[in-house]
Chemist: 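Please read through the structure below; I'll follow up with questions.
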Amino acid sequence: MDVSSNSLTAAQREAVEHIDGPLLILAGPGSGKTRVVTQRIAHLVRQGVPAHQIVGLTFTNKAADEMRSRVETLIGPSRVWLGTFHRFCSRLLRRYASLVGLDENFTIYDSDDSLRMLKRTLEQMDQPPTHFMPEQIRSAISWAKNNLITPQQYEPRQGHALGSAVVRVYPEYQARMRIANAVDFDDLLLHVGTLLRENAELRAELDERYRYILVDEYQDTNLVQYAIARALSIDHPNLAVTGDPDQSIFGWRGANISNILDFQRDYPDVKVVRLEQNYRSSKQILRVADALIVHNQRRKEKRLFTENDEGSPVRLTHYATHREEAQRIADEIAVEIASGRRRPSDFAIFYRINALSRAFEFALRERGIPFQLVKGLEFYQRKEIKDVMSYLHLINNPRDDVALLRVINTPTRGIGKKTILGLTEHATRYGQTLFASAQETGLIEALGKRAATAVGRFVKIVDHLAETASAPVEEIVGRVLSESGYQKSLQESGLEEDESRLANIEELLTVAREFDERFGEEAGLSAFLEETALVNDVDQWEEEIDRVTLMTMHSAKGLEFPVVYIVAAEEGLLPHERSREDPDRLEEERRLLFVGMTRAEEELQLSLATQREFRGQRRRTVPSSFLMELPREQMKVVEPAADWTTGEFEEDEFFDGWEDDDGFDATDEEADENFDESPKEFGGDREEDAEAAEAGRATARQADAKSTLTTAAQLHESREPTAATPKTKSAPPVSPEEFRVGMAVVHPEYGLGKVAALSGSATQRTATVQFVTAGERKFRLQHSALRPARET
DNA sequence: CGTAATGAAATTTTT
DNA sequence: TTTCATTACG
């Protein structure tokens with residue numbers, strides 16, 4: 001994007017020069033939004049607005065940093081507050097902690113910690129067998145919090161079984177969190193949200209203090225965030241939000257797309273500015289992305305345009321295997337780099353789920369191409385790091401039960417299940433924390449002498465460590481490592497695994513040192529803990545480093561790259577299978593792909609593989625239904641090379657099971673193994689199993705008709721329409737009930753298509769199918785040869 | 001009480 | 001494939 005140019009379009013200028021009153025900036029991808037926002041901040045300050053009255057709320061720290069540095073280049077260092085919602089709330093909450101029953105040194109639990117807390121709660125509530133998995137309850141609680149519903153307000157939907165479990169667990173969980181002086185991510189927002197709602201005085205005070213609020217990525221805010229922004233903009237309604245409904249991709253986290261769609265209703269005299277010109281992508285890319293997104297129903301009409309070059313066509317490449325996909329893409333990248341046309345950092349590879357990164361890591365590494373993997377769970381989630389961090393948390397907040405449980409016997413000090421149970425019961429009986437109980441082991445009869453001594457030793461270690469709590473962070477970490485015996489136990493174990501753990505711990509020491517240097521030693525332990533609690537994966541991504549970027553499409557939001565590869569555009573993966581039933585979520589998946597595509601500046605390739613190995617299992621794939629919504633005639637479509645079978649998978653190995661014409665020999669064990677969509681997965685009784693098995697075999701046989709044919713679509717393309725499989729071998733009927741709108745289907749004559757609509761019932765049940773190449777057709781399901789295009 | 005081994009299950013996206 | 005949990009054994 002052109003940052004240096006001082007020229008602004010009329011629309012941009014309008015937004016930049018707006019000062020008082022609500023402002024809605026509808027900004028398409030690559031429309032120079034960040035530039036507009038930062039210029040507006042600069043403009044506000046230049047117009048005499050005190051910098052400390054301006055607050056910019058972003059989604060990631062990365063975005064905040066970016067804005068800060070841009071504002072700085074415009075007006076120099078200032079006291080404008082820029083950061084994430086969570087950080088902002090955390091800051092407020094530290095100051096007003098006592099109002100919600102917390103101490104200012106509260107701990108922020110990550111999702112792992114809060115799940116542990118929840119599990120403990122469930123265990124100790126001797127719940128009537130709620131066979132709900134803690135995960136489900138956790139997400140129900142999270143949902144409530146995101147919607148500003150406190151434990152007291154929570155009301156289960158009538159007859160909703162999960163709800164009635166939640167209605168009991170939620171208050172108990174919350175109470176325990178308070179005892180532990182801890183909050184989870186959602187609490188940061190919830191507590192501030194309720195404070196503002198219930199404390200008019202405080203609300204007015206803060207509204208006064210933060211007069212100019214700016215919310216970025218507004219389409220991804222949830223109800224609490226909305227409520228917070230709103231509460232701070234009542235007396236001083238200078239709320240400016242930017243966003244793009246088409247880029248709303250966090251609905252599963254409670255984000256409410258209505259927040260942006262209804263903004264004009266909430267603030268009637270809002271000024272609306274639309275930024276529709278794209279400065280990022282080529283015309284070709286933009287056109288394809290637009291063709292995709294128009295398939296969404298719930299959206300604000302928007303036409304994107306660009307004055308950029310036409311560019312090269314968007315590619316849609318069909319590989320034989322996931323391996324080949326990775327290898328070929330890596331090859332391309334290698335060639336471009338070797339020729340000097342591109343640098344590694346020009347490239348990005350996006351996928352739907354992190355689990356898909358491996359093949360690409362491997363292929364890039366093989367070629368010596370530097371890359372950076374932006375992935376969750378990387379550093380702060382590792383066991384050894386969490387262990388050490390838990391000591392720090394315990395020092396900072398002795399009430400932190402989750403931390404205590406984590407380290408009380410790490411390294412092992414002879415404190416086992418029984419001892420912990422004794423401590424827990426004692427703590428529960430007196431409504432106190434585990435650490436408090438640990439300090440008075442003498443009073444606990446259930447504990448033997450040996451256990452009591454062991455616990456006493458642990459308490460002593462923590463107490464001693466706590467004395468140095470005000471030292472520089474690096475020093476504290478160092479002491480933890482030595483005094484807890486953690487480091488020693490790793491060194492002595494001799495396990496290879498522990499070698500790398502030691503290395504990671506070294507890394508943590510470095511992080512601590514850098515923190516000390518960056519914020520000065522007086523910043524202290526609590527600041528360090530807060531800092532590390534609120535980082536996220538994308539924050540670790542470094543723009544300057546010259547490496548190929550590997551990340552999920554979610555992480556890619558807000559970034560841009562000259563060349564983008566979007567991989568694994570396959571049914572069940574790109575529209576993720578968990579979104580298939582719900583049309584809203586399917587639209588969200590489409591937006592996700594849209595976001596991914598619009599990250600590309602010059603070149604974009606979408607790809608899929610016919611065969612993909614996932615969770616250690618080979619699977620045949622079905623092309624993403626989104627691919628059928630793209631203007632293929634404007635794109636460069638590449639099908640697998642004819643000789644692909646000589647590649648990664650040995651043909652014999654893979655096709656063994658259905659090689660001979662007679663079909664399937666039930667006694668052939670190998671065949672069974674190769675038969676991924678085994679009868680079991682279809683469920684049902686034996687007869688159905690047999691049918692399903694036959695269906696699978698039939699599809700497999702079709703695929704094998706010519707060994708280069710691997711999908712129904714290809715099957716269709718290279719075959720006479722009338723040359724359908726012989727009747728005797730065609731797939732058995734499938735229940736009309738199995739069909740769903742949006743489902744990918746196969747027809748022996750028309751090939752691959754997607755169910756556009758369903759009507760009628762029973763024998764009248766009719767499907768309207770949009771075929772890739774054969775147009776739209778209707779079928780009476782009862783008699784048709786239409787079949788779901790399942791992975792085979 | 002601690003460790004090791006075995007077996008089973010589970011796998012989206014993230015502040 | 002990886003991770004988790006349970007169990008058996010020392």
Side-chain angles (χ1 to χ4, degrees), chain A residues 57-64 83-90 108-112 114-116 119 133-135 138-139 142 145-146 183-190 216-217 220-222 224-225 248-255 322 350-359 362 374-378 380-383 409-421 448 450-451 454 489 493 495 530 532-540 551-557 568 572-580 585 588-589 591-593 595-596 612-619:
Chain A
L57 271 3
T58 60
F59 219 65
T60 62
N61 298 298
K62 192 101 219 152
T84 63
F85 252 108
H86 290 264
R87 209 174 274 282
F88 179 69
C89 288
S90 174
I108 299 170
Y109 279 176
D110 65 19
S111 36
D112 180 60
S114 61
L115 190 63
R116 279 163 188 264
K119 280 181 178 161
M133 290 176 300
E135 282 286 349
R138 196 214 46 177
S139 73
S142 176
K145 289 179 174 178
N146 285 157
V183 298
D184 59 32
F185 285 138
D186 299 324
D187 284 334
L188 289 171
L189 305 175
L190 176 74
D216 196 21
E217 306 284 9
D220 282 324
T221 55
N222 56 37
V224 207
Q225 291 169 322
S248 164
I249 53 175
F250 287 96
W252 48 273
R253 215 171 74 194
H322 76 287
F350 299 156
Y351 31 79
R352 174 65 235 264
I353 55 175
N354 276 127
L356 293 173
S357 68
R358 181 152 293 159
F362 193 82
V374 180
K375 183 164 144 201
L377 212 94
E378 211 33 13
Y380 289 103
Q381 309 265 37
R382 304 182 99 99
K383 282 182 216 72
N409 199 33
T410 337
T412 52
R413 352 182 128 81
I415 301 174
K417 250 207 194 99
K418 234 174 95 189
T419 312
I420 289 171
L421 188 70
R450 217 172 62 199
S489 81
S493 89
L495 287 167
E530 167 145 339
T532 50
L534 296 176
V535 294
N536 73 83
D537 314 328
V538 188
D539 295 337
Q540 321 228 343
M551 55 168 57
T552 65
M553 278 180 276
H554 279 93
S555 303
K557 193 171 77 163
L573 227 37
L574 192 32
H576 194 274
E577 57 190 334
R578 301 262 250 260
S579 354
R580 220 173 341 205
R585 305 203 64 185
E588 181 157 312
E589 296 285 308
R591 290 195 292 269
L592 186 57
L593 178 54
V595 167
R612 181 170 302 277
E613 195 175 286
F614 191 48
R615 322 208 281 240
Q617 286 243 309
R618 270 201 290 271
R619 286 273 160 118

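Chain A is the first sequence line, chain B the second, and so forth, proteins listed ahead of strands; every chain is numbered from 1. Scope of the values below: all heavy atoms of this structure, side chains included, with no hydrogens, waters or symmetry mates.
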Chemist: Between B:dT15 and A:H86, is there a base-stacking contact, meaning the centre of the base's six-membered ring lies under 5.5 Å from the residue's ring centre while the planes stay under 30° apart?
Modeler: no
Chemist: Using atom types as modelled and distance alone, determine if a side-chain donor or acceptor of A:H554 lies under 3.5 Å from a backbone N or O of A:I249.
Modeler: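 Here the side-chain-to-backbone pair exists.
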Chemist: Does a side-chain N or O of A:N354 approach OP1 or OP2 of B:dT12 to a distance below 4.0 Å, or not?
Modeler: no
Chemist: Once you round it to whole Å, what is the distance between C1' of B:dT14 and NE2 of A:H576?
Modeler: 15 Å
Chemist: With DNA chain B as reference, determine whether A:R585 or A:D186 sits nearer its 5' end, using the nearest nucleotide of each.
Modeler: A:R585
Chemist: Output the rounded distance in Å from CG (A:L57) to P (B:dT15).
Modeler: 15 Å
Chemist: Output the rounded distance in Å from CG (A:L593) to C1' (B:dT13).
Modeler: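 Spelled out: CG on A:L593 to C1' on B:dT13 is 14 Å.
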Chemist: Rounding to an integer number of angstrom, what distance separates C:dC4 and B:dT13 when you compare their C1' atoms?
Modeler: 22 Å
Chemist: Working to the nearest 0.5 angstrom, can you tell me the gap between A:I108 CD1 and A:R87 CZ?
Modeler: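 Result: 8.5 Å between the selected atoms.
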Chemist: To the nearest Å, how far apart are A:R612 CZ and C:dT1 P?
Modeler: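 Atom CZ in A:R612 sits about 16 Å away from atom P in C:dT1.
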Chemist: On DNA chain C, check which nucleotide each of A:R358 and A:K119 is closest to and give me the residue with the more 5' one.
Modeler: A:R358
Chemist: Quick one: does A:D184's side chain get under 4.5 Å of A:K145's, heavy atoms only?
Modeler: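 Yes - at least one pair of side-chain heavy atoms lies under 4.5 Å apart.
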Chemist: Please report the C-alpha distance between A:Y351 and A:T552 in whole Å, then the side-chain angles of each, then the deciding distance to 0.1 Å, and finally whether the side chain to side chain contact (heavy atoms under 4.5 Å, CB included) criterion is met.
Modeler: CA-CA 5 Å; A:Y351 31 79; A:T552 65; 3.9 Å; yes
Chemist: Would you mind reading off the distance between A:F350 atom CZ and B:dT12 atom C1', rounded to a whole angstrom?
Modeler: 17 Å
Chemist: Measuring from the side chain of A:F185 (C-beta onward, heavy atoms only), which nucleotide among B:dT15, B:dT13, C:dA5 has the closest atom?
Modeler: B:dT15
Chemist: What is the distance, to the nearest angstrom, from the CD atom on A:E577 to the P atom on B:dT13?
Modeler: 13 Å
Chemist: Assign a letter to each nucleotide of nucleotides 1-8 of chain B from its 5' end: B, base within under 4.0 Å of a protein heavy atom; S, sugar-phosphate only; -, no contact.
Modeler: SSS-----
Chemist: For A:D112 and B:dT11, give me the distance from atom CG to atom P, rounded to whole Å.
Modeler: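 Interatomic distance, CG of A:D112 to P of B:dT11: 14 Å.
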Chemist: Is the number of heavy atoms from other residues, nucleotides or ligands under 6.0 Å of A:R413 CZ greater than 12?
Modeler: yes
Chemist: Output yes when at least one side-chain N/O atom of A:T60 is less than 4.0 Å from OP1 or OP2 of B:dT15, else no.
Modeler: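 So the side chain of A:T60 is outside the cut-off, no N or O lying under 4.0 Å from OP1 or OP2 of B:dT15.
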Chemist: Is there a donor and acceptor pair closer than 3.5 Å between the side chain of A:R352 and the base of B:dT13?
Modeler: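 Side chain to base: pair present.
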Chemist: Could you give the distance separating C:dA5 and B:dT12 at their P atoms, to the nearest angstrom?
Modeler: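 So the two P atoms sit 16 Å from each other.
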Chemist: Determine whether A:F85 and A:L188 make a side-chain contact, defined as any pair of heavy atoms from C-beta on separated by less than 4.5 Å.
Modeler: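 A:F85 vs A:L188: side chains apart.
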Chemist: Of all residues at least two apart in sequence or in a different chain, which pass the side-chain contact (heavy atoms from CB on, under 4.5 Å) check with A:R138?
Modeler: A:S111, A:L115, A:L118, A:E135
Chemist: How long is the line joining CZ of A:F614 and C1' of B:dA10, in whole Å?
Modeler: 11 Å
Chemist: Below 4.0 angstrom, N of the basic side chain to O of the carboxylate: do A:R591 and A:E588 qualify?
Modeler: yes
Chemist: Report yes if at least one side-chain N or O of A:S111 is closer than 4.0 Å to OP1 or OP2 of B:dT15; otherwise report no.
Modeler: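 No, A:S111 has no side-chain N/O under 4.0 Å of OP1/OP2 on B:dT15.
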